[in-house]
Amino acid sequence: MFQPVRGRPDLPTTEAEIAALWKSAGIYQKSLDNRRGAKRFVFFEGPPTANGMPHPGHCLTRAIKDLYPRYRTMRGEFCERKAGWDTHGLPVEVEVCKSLGIHSKAEIEEYGVEPFIHRCQESVWRYMKEWETLTERVGFWIDLSKAYVTYHQSYVESVWWALAELFNRGLLYQGHKIVWWWPQGGTALSSGEVGQGYRQVADPSVYVAFPLLDASGSPTNRSLIAWTTTPWTLPSNQFAAIKADLTYVAVRFEDDPEREYILAEPLAASLADKKKTTIEVLESFPGSDLVGACYLPPFDCFRPPGQPELTALKSGDDEPTAWRVIEADFVTTDSGTGIVHIAPAFGEVDYGVLLAERKRFENKVPPLLNCVAPDGTFTDEFPTMAGRFVKDCDRDLTRDLRSRELLVHQEQYLHDYPFCWRADNDPLIQYPRASWFIRTSQFRDAMLANNEQINWMPEHIKEGRFGNFLANNVDWALSRERYWGTPLPIWVCEETGKAEAVPAYEALLSKPGVTGTEVFEKAKADHPELSDDLRVHKPYIDAITYDSPFQDGARMYRVPEVIDCWFDSGAMPFAQWGWPHTGSDEFQSQWPADFISEAIDQTRGWFYSQLAISTLLFGPESSTEVKPPATMPPNGYPHPFRNCIVLGHMLGEDGSKMSKSKRNYKEPTEILDRYGADALRWYFFAGQPPWNSIRYSERAIRESVPEFLLRLWNVYSFFVIYANIDGFNPATHMKNPGQLDHKNLGTADGFRPASERSELDRWMLAELHATANTMVEALDAYDHYVAARALSDLVDAVSNWFVRRSRDRFWASGRADASADGNAEKCDAYWTLYEVLTTTARLAAPFVPFVSEAFWQNLAVGPFGGRVSESIHLTDYPAADAELINPDLARQMALIREVASLGRAARAQAKLKVRQPLSKVEVILAESHKNDADWLVSHADLVCNELNVKAFEICAEPERYITRTILPDLKKLGPRLGKKLPQVRSALQQADATTLITAFRDHGVATVSLDDGTDVSISEEDCIIRTTARDGWAAAEGTRGVVVISSEITPELLAEGQVREVIHAVQSQRKTLDLEFTDRIKLGFATESEELRKALQAHAESLASETLAVSIEFELLQNAELETLDIDGHALTMSLKRASQSKAS
RNA sequence: GCGCGCGUAGCUCAGUUGGUUAGAGCGCCACCCUGAUAAGGUGGAAGUCCCUGGUUCGAGUCCAGGCGCGCGCACCA
């Protein structure tokens, strides 16, 4: 007996039962133990941060991350899955600040770095529970208990090792650069972080006059017009840049006739338009004429009064170090005035100008002018606005310029500007700052070469998004002037400024004269619950100092910075094992990864950080002394991952980005509770290729259920119902159930080899095994979308053809076993369906692990107990049995299915319902299928049965019903005939098809005369012969042929049709009365119609057997249900009642 | 601005090296089945394959230029 099955699946409940089973039996662990020692399939978990709630996108990632490890495990490989959590960084700090109601660095310092860090460490686990629940709920098998955690000491020390390596190789350096700076947060951000914060804003756009100076240093009547959208940078102005080969003009505006202005010629008119005034051009000259001219800066905070001070150049001349026109290539006429205000402190390009200028000077070089403090306020060097946040001063600055008549024009300018990605009201500014960088740009080519070897899916990521990103690589801005992160392990000599990197905590403790460890010890004593991992974090680590190796008596102090948390995640391939300090075996065997997958936003994130770190540390140029694992492929590429599925972004119900505030998506738990994890997983896998953006809509998820899961469930439920009725037991006498593969099943009682079974069974098994082939091929190529579709087609074939065509066998009398009253054909049907169901469940297991497990438990573990795998996930993925695959039969069965379908179409067209028997159906096969004619005729019974007709034949006179058209096979003739093709085409159109076909038959070729007088000889293979139904017949055509239905209805046929109508009504009535389908009934009819009465009498026998009637009378029964029917216009009253108690079948 | 992706039926999406009649699911309409049954099936209607131009005997598919959407990048001073 199989456990009875719910008619309607309740997936969430089933899933909960299965999950409990897995847990109590430790199935995941067993699935690993099962494969220990086998070839490894290496998977890396990109660490999510448990600092926020999981959302639907995470369900997708986790589903994909589960699919391939499950599949590979079933394929015999050993796939460890170690979870991981990303725990450092700004997101955590910002969350904590929010909860404390503070914002700035000063406030954090005031609160205290130590308690702040404690808060951060606690906050990291805030949504841990939700994450773990979700992970299990979607069926993502991963070892959460051994998860790596980026703040753990061993992890931090691995990162330290990596940083020390880079430092020792000169690849980690401190540079003074213009960085994107978050003033309120007091730290620089990486380009990736900056990129996340761009937002469209309206900034003031000002056109400012820079009056040119005369020889004595006094302002003249003539001014340059510079344009900027950041007025706050004007006090720090240092140069004005022009383009040498651009034409500039001196002009006078009608509304301002006293002064003259200089700007690029192509932009002059548009500025006049903006000012709503007219313009008078006084003279024009090339930009080169302006180079070297001196001007009065808009603010005098740095400029002493009087004549510009001259400084010696290397060339022997001398020039002022500031407020001078210089030439620059980057000046364009796209916008502005063609004169660019240069403030080197606040722009990378501007800073480049300064560096270039500095090279020209002899001894004293131009200083960097900067009147903005790191916190974003003006310094005392700009007294009028000192202490105010620069972005808040734009209005006052503009007003000031206007009052001094230096403001030529002002407007609003709409553009994208970066804000802090974690504090989105804080604008970022470009700012000069000493910061630590990794020389990634030096490894650009190595990274590109490494990238070249990675199998990206979709392919275009390699050359496109990711390749471009690598090609434009800039040095990694690594350091963060923050608190909660991996501390930069660099200690600096207080006297000499010389630095060294420390690769491990132990190494630090063994330094001479080390002190400061007591700070953590004391904290631990005060708070025993404090995590030991915090000893390597701020502020404790900062307390540790030691004797300088560079100068006697000096001490070494750690630099204050922590690092970008993306470096943490990128170090995960080795840091998850604490390598190289520990975990050498693990790293050896788990690197590089065979498979990773994340969403596309990780191109600049985890995909990059992994590749960059791996290339720098383990690439061919590496001089790292600790060697990478011996498993490294010979040429060293690709690493650290070979195959990467880049997932599309998930969109909300409305197709736009998911957003909490827009409420355009349902919480994952709601979907999971309502439809189940398998439904969600199947939707993800089968809905679209994974790299498409995917719409997370409840409707779409709901509607994806019937097509596959429900259909499969219905077949399963059908099987269980009838197998129980018929006593089908697969375990009877089976010697070795194995994995219930075809060959194992062969040892069972009542099992006949496929070759001895009906064609339908052989077809079904052929489809099953062909599908297994397709799926393995697709999944090996990481194409689960194609695999899912193949699986779905298989289920359609089982449900809509095999079960449908096998009903008679399932309902035939006799037991489904090898006993004396056993029925061999019935047995075959059960064995076939049993094999199909168990094998399909295994094929589906990586996709829908819960439902397939439910099948396995009932179909396999139920009858066999401990003789089969206790879980479907401990079985092997089905390997196709090549001997069972049969392409000819597949084609033929497809043909017969089309014939049946066309027959129904023809009936529908002629309004002849299937209940009405017809005399004959004729088929005209397309030329392409003519060889299957004999086979089709041998299946006449099947066609007749499907279409409810008396006879089936291949049409003897096809010309009655069809016309044939000869079309050129363009694919074949195109390359051969080229430009002649259209002529051949029209010639064939005009030619008589029958003549051509005769010619093909008789001579193998036919000659076609073209309009240009030439002849072309073509063979039948060059053509496609199309068959088209003529009008006037009940016919339907498809690609494989034409089906014609005889629409003539004889009185006999009509009578039979009427009886079938009555049978239909009786069956409905049985159902209405809620009778068991084994209940016998008595029938009584009353009708005025002689015709109907005769029909019923004539077919009383079939009427009785179809409806399980023990008696049929032509008078109404006492105490029976009455129903009045209309059969073809004849009134009939039917009475029906149960004949006896139901008896078991 | 540059780069990547996408644009096919009312909706969500397939569409293999260019080839004759462009498909699926859902929805809609009509019908069938009634021993999987609050399921299942069949048929039908429905398309300017975003636009324009080009290459080609032939373009949904290749090329160029637009338009729209999404994402990414960033010296918009």
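Letters A, B, ... mirror the listed sequences (proteins, then strands); counts begin at 1. Remember, predicted model here, so these are calculated numbers, not experimental data.
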With rounding to the closest Å, how many angstrom separate the [atom1] atoms on [N] and [M]?
{"N": "B:G60", "M": "B:A9", "atom1": "C1'", "value": "14 Å"}
{"N": "B:A45", "M": "B:C2", "atom1": "P", "value": "46 Å"}
{"N": "B:A30", "M": "B:G68", "atom1": "C1'", "value": "38 Å"}
{"N": "B:C49", "M": "B:G7", "atom1": "C1'", "value": "10 Å"}
{"N": "B:U17", "M": "B:G58", "atom1": "C1'", "value": "15 Å"}
{"N": "B:C4", "M": "B:U42", "atom1": "C1'", "value": "45 Å"}
{"N": "B:U8", "M": "B:U48", "atom1": "P", "value": "11 Å"}
{"N": "B:G15", "M": "B:U55", "atom1": "P", "value": "29 Å"}

Notebook entry, point to check: Under 3.5 Å, is there a donor-acceptor pair between the A:Ser441 and A:Asn473 side chains?
Noted result: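 Looking only at side-chain atoms, A:Asn473 and A:Ser441 do not form any donor-acceptor pair under 3.5 Å.
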Applying side-chain hydrogen bond (donor to acceptor under 3.5 Å, both in side chains), name anything that partners [X], two or more places apart in sequence or on another chain.
{"X": "A:Tyr830", "answer": "A:Asp726"}
{"X": "A:Asn858", "answer": "A:Tyr716"}
{"X": "A:Tyr207", "answer": "A:Lys274"}
{"X": "A:His341", "answer": "A:Thr233, A:Asn237"}

Next item on the list: Before giving the answer on ring pair (Phe, Tyr, Trp, His ring centres under 6.0 Å), spell out for A:Trp232 and A:Phe346 the whole-Å C-alpha distance, their side-chain angles and the decisive distance to 0.1 Å.
Entry: CA-CA 10 Å; A:Trp232 60 270; A:Phe346 309 115; 4.9 Å; yes
Note to self: Taking side-chain contact (heavy atoms from CB on, under 4.5 Å) as the definition, give me every residue that meets it alongside A:Leu902, ordered by chain and number, with sequence neighbours left out.
What the structure shows: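 Checked A:Leu902 against side-chain contact (heavy atoms from CB on, under 4.5 Å); matches are A:Glu898, A:Ala1036, A:Val1043.
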Note to self: Going by the rule side-chain contact (heavy atoms from CB on, under 4.5 Å), which residues pair with A:Trp606 if we only count those two or more places apart in sequence or in a different chain?
What the structure shows: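 With sequence neighbours excluded, A:Trp606 shows a side-chain contact (heavy atoms from CB on, under 4.5 Å) to A:Phe44, A:Pro47, A:Trp566, A:Ser569, A:Met572, A:Ile596, A:Glu598, A:Gln602, A:Ser609, A:Gln610, given in chain and number order.
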Considering every strand and a 4.0 Å limit on heavy-atom distances, what is the contact class for [X]: base, sugar-phosphate, or nothing?
{"X": "A:Pro689", "answer": "sugar-phosphate"}
{"X": "A:Gly648", "answer": "nothing"}
{"X": "A:Ser901", "answer": "sugar-phosphate"}
{"X": "A:Arg807", "answer": "base"}
{"X": "A:His649", "answer": "nothing"}
{"X": "A:Asn472", "answer": "nothing"}
{"X": "A:Thr228", "answer": "sugar-phosphate"}

Residue [X], side-chain heavy atoms: nucleotide from [options] that is nearest:
{"X": "A:Tyr722", "options": "B:A36, B:A77, B:G43", "result": "B:A36"}
{"X": "A:Asn800", "options": "B:G41, B:C75, B:G35", "result": "B:G41"}
{"X": "A:Arg904", "options": "B:A36, B:A77, B:U42", "result": "B:U42"}
{"X": "A:His460", "options": "B:A39, B:A77, B:G5", "result": "B:G5"}
{"X": "A:Ala905", "options": "B:G19, B:G43, B:A36", "result": "B:G43"}

Applying a 3.5 Å limit to both distances, which nucleotide forms a Watson-Crick or G-U wobble pair with [N]?
{"N": "B:C13", "answer": "B:G23"}
{"N": "B:A77", "answer": "none"}
{"N": "B:C62", "answer": "B:G54"}
{"N": "B:U48", "answer": "none"}
{"N": "B:G68", "answer": "B:C6"}
{"N": "B:U42", "answer": "B:A30"}

Notebook entry, point to check: Which of these, A:Phe802, A:Trp713, A:Phe2, A:Phe810, sits in a ring-ring contact (aromatic ring centres under 6.0 Å, His included) with A:Phe718?
Noted result: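 When A:Phe802, A:Trp713, A:Phe2, A:Phe810 are each tested with A:Phe718, the ring-ring contact (aromatic ring centres under 6.0 Å, His included) holds only for A:Phe810.
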Item checked: Residues touching RNA chain B, which here means a heavy atom under 4.0 Å, drawn from residues 235-243 of chain A ->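 Going residue by residue through residues 235-243 of chain A, none turns out to have a heavy atom under 4.0 Å of RNA chain B.
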Interface polar pairs with nucleotides 24-30 of chain B, N/O, under 3.5 angstrom:
from	atom 1	to	atom 2	distance (Å)
B:G25	O2'	A:Glu707	OE1	3.4
B:C26	O2'	A:Glu703	OE1	2.7
B:C26	O2'	A:Glu703	OE2	2.7

Item checked: Heavy-atom side-chain proximity of A:Tyr351 to A:Ile342 below 4.5 angstrom ->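 Result no, sub-4.5 Å side-chain heavy-atom pair not found.
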Send over the distance from [X] [atom1] to [N] [atom2], rounded to a whole Å.
{"X": "A:Tyr608", "N": "B:G72", "atom1": "OH", "atom2": "P", "answer": "18 Å"}
{"X": "A:Leu1125", "N": "B:U34", "atom1": "CG", "atom2": "P", "answer": "14 Å"}
{"X": "A:Trp456", "N": "B:G72", "atom1": "CH2", "atom2": "C1'", "answer": "14 Å"}
{"X": "A:Arg805", "N": "B:A36", "atom1": "CZ", "atom2": "C1'", "answer": "17 Å"}
{"X": "A:Leu647", "N": "B:C71", "atom1": "CG", "atom2": "P", "answer": "17 Å"}
{"X": "A:Met650", "N": "B:C71", "atom1": "CE", "atom2": "P", "answer": "15 Å"}
{"X": "A:Arg804", "N": "B:G35", "atom1": "CZ", "atom2": "P", "answer": "14 Å"}
{"X": "A:Leu981", "N": "B:G18", "atom1": "CG", "atom2": "P", "answer": "16 Å"}

For nucleotides 1-3 of chain B, tabulate all protein N/O to nucleotide N/O atom pairs closer than 3.5 Å, reporting atom names and distance.
from	atom 1	to	atom 2	distance (Å)
B:G3	O2'	A:Asn468	ND2	2.4

Note to self: Considering only residues two or more places apart or on different chains, which pairs with a residue in residues 700-711 of chain A satisfy side-chain hydrogen bond (donor to acceptor under 3.5 Å, both in side chains)?
What the structure shows: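 Only A:Tyr675-A:Arg702, A:Arg699-A:Glu703, A:Arg711-A:Asp796 qualify under side-chain hydrogen bond (donor to acceptor under 3.5 Å, both in side chains).
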Note to self: Need to verify one output field. Residue with the more 5' nearest nucleotide on RNA chain B, A:Leu902 or A:Ala700?
What the structure shows: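 With A:Leu902 and A:Ala700 compared, the 5'-side residue is A:Ala700.
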Note to self: Run the side-chain contact (heavy atoms from CB on, under 4.5 Å) test on A:Tyr722 and A:Phe728 for me, step by step, so that the C-alpha distance in whole Å, both residues' side-chain angles and the decisive distance to 0.1 Å come before the verdict.
What the structure shows: CA-CA 8 Å; A:Tyr722 294 105; A:Phe728 173 75; over 6 Å; no
Checklist line | Pair listing, salt bridge (Lys or Arg N to Asp or Glu O under 4.0 Å) test, anchored in residues 802-811 of chain A, at least two apart | finding: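 Output for this query lists A:Asp761-A:Arg809, A:Arg804-A:Glu946, A:Arg805-A:Glu946.
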Item checked: Per-nucleotide protein contact string for nucleotides 59-66 of chain B (B base, S sugar-phosphate only, - none; heavy atom under 4.0 Å) -> --------
